[in-house]
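Only this structure's heavy atoms are used, side chains among them; waters, hydrogens and symmetry mates stay out.
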Amino acid sequence: MTYHLDGAVIPTGFDVPVEPLRRAAHFTGEPGCIAEARTFAAHFLQRLRTEWCATIDERTDGAVLLVVSELVTNADRHSDGPYILELEGTDTALTVVVYDSSASLPRVFPRDPERVGRHGLEIVRALARDVTVEHVPVGKRVRAVLNLGAA
């Protein structure tokens with residue numbers, strides 16, 4: 001049961017969700033899609049706070065939005081078609097998955113502070129607890145899992 005007091009949600013302990021919150025969005029690659037993906041992720045984080053009573057601090061919030069930006073930007077730049085962003089989360093973890101039509105897998109390059117660009121996967125790996133990249137029948141899937149809540 002949940003009580004509402006002046007718009008605030010007060011969990012009573014009896015209203016724990018059973019299934020993770022899941023949402024997906026399709027992007028065409030037109031200008032503005034990356035910003036739309038970030039907005040989609042920000043709304044998803046707010047729903048996790050409300051529905052799962054997730055504690056997501058400002059730093060984690062920024063890390064999630066950066067991971068979404070990097071993965072969607074890579075899909076936008078390196079695929080020949082639309083891409084899909086899937087988000088799945090609970091109060092402890094968030095999974096970000098991006099599907100695109102390119103069969104070319106991203107690479108992590110050796111650290112080089114003088115290199116311009118090509119740091120996306122390096123950034124995602126630094127922020128996520130787990131990153132996987134794999135071929136799927138129509139291209140590839142990049143999946144990053146981030147911890148939420150108190151560290």
_Heavy-atom count check: over 12 atoms from other residues, nucleotides or ligands less than 6.0 Å from Arg125 CZ?_
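Not buried by this count: 12 neighbours or fewer within 6.0 Å.
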
How about [X] and [Y]: do any of their side-chain heavy atoms sit closer than 4.5 Å?
X     : Y      : answer
Ser79 : Lys140 : no
Asn74 : Asp100 : no
Cys53 : Asp91  : no

Quick one: pull up [atom1] in [X] and [atom2] in [Y] and give me the separation to the nearest 0.5 Å.
X      : Y      : atom1 : atom2 : value
His26  : Leu85  : NE2   : CG    : 12.0 Å
Ile34  : Asp76  : CD1   : CG    : 4.5 Å
Arg107 : Glu122 : CZ    : CD    : 13.0 Å
Thr90  : Glu19  : OG1   : CD    : 11.5 Å
Leu65  : Leu127 : CG    : CG    : 11.0 Å
Leu146 : Thr95  : CG    : OG1   : 8.5 Å

When clusters are formed by joining ILVMFWY residues with side-chain heavy atoms under 4.5 Å apart, either directly or through shared neighbours, do [X] and [Y] land in the same one?
X      : Y      : answer
Trp52  : Leu148 : yes
Val142 : Val145 : no
Val96  : Leu105 : yes
Val64  : Ile84  : no
Tyr83  : Val97  : no

Has the side chain of Thr60 got a donor or acceptor atom that lies under 3.5 Å from a matching backbone atom of Ile56?
->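 Pair absent, no side-chain N/O of Thr60 close to backbone of Ile56.
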
(Q) Checking the side chain of Arg23 only, and the main-chain atoms of Leu87 only, is there a donor and an acceptor separated by less than 3.5 Å? (A)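 No; judged by distance alone, with no hydrogens or angles, the pair does not exist.
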
So which heavy atom on [X] is nearest to which on [Y], and how close?
X      : Y      : value
Ala144 : Leu71  : CB-CD1, 4.3 Å
Arg129 : Asn147 : NH1-OD1, 2.5 Å
Glu86  : Ala24  : CG-CB, 3.9 Å
Phe44  : Leu21  : CZ-O, 3.3 Å

Which residues pass the salt bridge (charged side-chain N to carboxylate O under 4.0 Å, His left out) test with Arg77, not counting sequence neighbours?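 Arg77 satisfies salt bridge (charged side-chain N to carboxylate O under 4.0 Å, His left out) with no residue once adjacent residues are dropped.
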
When Glu88 is tested against each of Arg47, Arg143, Arg22 for salt bridge (charged side-chain N to carboxylate O under 4.0 Å, His left out), which residue passes?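 Only one option passes, and that is Arg22.
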
Checklist entry - Just checking, is any N or O donor in the side chain of Ser102 or Ser104 under 3.5 Å from an acceptor N or O on the other one? => result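 Side chains of Ser102 and Ser104: no pair found under 3.5 Å.
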
